Colleague: 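Got a structure here, written out as structure tokens. Questions coming.
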Amino acid sequence: MIDKQLRVVLAEDSVILREGMVELLTARGCAVVATAGTAPELLAAVAAHRPDVAVVDVRMPPTHTDEGIRAAIEIRATAPGVGILVFSQHVETAWAARLLAGGAAGIGYLLKERVARTSELVDALHRVATGGTALDPEIVNGLMHGGRRSRVDSLTTREREVLELMAQGHSNRSIAGLLVVSERAVEKHVAAVFTKFDLPATEADNRRVKAVLAYLAETGA
């Protein structure tokens with residue numbers, strides 16, 4: 001069970017949705033320390049409160065295009081310790097790729113329909129707050145099928161499945177349960193991915209994150 005109370009800044013221009021999300025998150029033990037209706041308000045709130053996570057709508061005023069993504073990228077640059085969870089009405093793979101270009105650690109990207117499922121949202125918040133990754137399966141699928149192939153082509157079907165679930169933020173144990181295989185089998189597939197992606201073992205490097213980044217880069221370009 002997750003015990004830590006997360007401090008959250010929430011950016012959503014719809015007052016009704018924003019208030020609803022505050023109520024839901026508060027009921028699930030999160031502390032919403034500030035809300036924002038525009039990108040500048042979001043940036044100011046993050047600077048003032050330094051939350052564990054910033055929850056950001058992709059489309060915000062005034063143009064309702066990519067203000068949220070641009071604000072999220074700026075937060076990554078100015079407050080790298082703050083997790084970012086963005087949400088969108090539709091699969092926006094180009095914007096997801098922009099957000100992930102600086103690294104996948106502490107990043108989440110969910111569709112709004114997923115955000116409405118409170119348990120999934122809170123789980124994703126805790127994941128990105130601790131440096132993990134939480135990507136909507138549809139976002140991952142869009143990145144996977146939207147671009148060129150290189151090292152990804154060398155993966156077996158099962159290795160791709162494992163890597164796709166890694167990109168969504170699942171642990172080896174979680175992947176084993178989802179694919180109905182042993183955890184040891186998942187470990188072997190992960191090791192094969194590392195080998196094919198030329199990621200040698202070192203104490204300092206997080207090969208899991210690097211594999212996910214390489215996967216996203218090569219399938220989302």
Side-chain angles (χ1 to χ4, degrees), residues 1-4 52-53 72 76 80-86 91-111 114 119-221:
M1 187 74 179
I2 296 169
D3 295 319
K4 179 186 176 184
D52 297 307
V53 186
R76 293 287 280 177
V82 177
I84 303 289
L85 180 66
V86 301
V91 176
E92 308 278 8
T93 53
W95 291 345
R98 281 173 58 188
L99 181 63
L100 292 162
I107 289 291
Y109 196 125
L110 300 180
L111 293 181
R114 206 84 53 185
S119 61
E120 291 188 31
L121 172 60
V122 173
D123 178 69
L125 288 173
H126 280 276
R127 199 180 298 168
V128 301
T130 54
T133 305
L135 299 180
D136 195 288
E138 291 192 38
I139 296 291
V140 173
N141 187 61
L143 289 166
M144 180 176 169
H145 296 293
R148 300 184 297 272
R149 306 291 191 270
S150 51
R151 288 175 294 182
V152 175
D153 275 336
S154 68
L155 302 180
T156 65
T157 299
R158 181 62 85 186
E159 288 164 1
R160 285 194 187 208
E161 290 174 340
V162 168
L163 184 52
E164 181 175 344
L165 290 169
M166 283 170 58
Q168 293 173 27
H170 291 282
S171 65
N172 285 0
R173 178 174 297 182
S174 176
I175 293 170
L178 290 168
L179 298 181
V180 196
V181 298
S182 69
E183 193 169 346
R184 178 59 182 158
V186 173
E187 291 172 357
K188 289 181 178 179
H189 291 309
V190 171
V193 170
F194 291 159
T195 298
K196 292 178 180 180
F197 277 31
D198 192 25
L199 295 171
T202 68
E203 279 191 35
D205 291 340
N206 188 334
R207 291 190 296 169
R208 198 176 187 90
V209 171
K210 287 187 175 182
V212 169
L213 288 173
Y215 164 74
L216 294 171
E218 293 183 12
T219 60

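The structure presented is a predicted model; accordingly, all values stated were derived computationally and were not measured.
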Colleague: Could I get the full list of side chain to side chain contact (heavy atoms under 4.5 Å, CB included) partners for Ala105, not counting sequence neighbours?
Modeller: none
Colleague: What's the separation between atom CG in Leu165 and atom CG in Leu135, rounded to the nearest 0.5 Å?
Modeller: 11.5 Å
Colleague: State the CG-CG distance between Leu111 and Asp136, to the nearest 0.5 angstrom.
Modeller: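 Going from the CG atom of Leu111 to the CG atom of Asp136 covers 4.0 Å.
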Colleague: For the side chain of Arg127 and the backbone of Gly108, is there at least one donor-acceptor N/O pair under 3.5 Å apart?
Modeller: no
Colleague: Within this structure, what is the CZ-CG distance for the pair Arg208 and Leu163, rounded to the nearest 0.5 Å?
Modeller: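 Arg208 atom CZ to Leu163 atom CG measures 9.5 Å (nearest 0.5 Å).
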Colleague: To the closest 0.5 Å, what do you measure between CG (Leu121) and CG (Leu110)?
Modeller: 7.0 Å
Colleague: Can you tell me how far NZ of Lys196 sits from OG1 of Thr156, rounded to the nearest 0.5 angstrom?
Modeller: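 One finds 5.0 Å between OG1 of Thr156 and NZ of Lys196.
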Colleague: Looking only at heavy atoms, what is the nearest atom pair of Thr133 and Ala167, with distance?
Modeller: CG2-O, 3.5 Å
Colleague: Tell me the closest heavy-atom pair linking Phe197 and Ala211, and the distance in Å.
Modeller: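 So the two residues come closest at CE2-O, 3.5 Å.
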Colleague: Table please: side-chain donor-acceptor pairs of residues 176-193 below 3.5 Å, with sequence neighbours left out.
Modeller:
from: Ser182; atom 1: OG; to: Ala185; atom 2: N; distance (Å): 3.0
from: Arg184; atom 1: NH1; to: Glu187; atom 2: OE1; distance (Å): 3.3

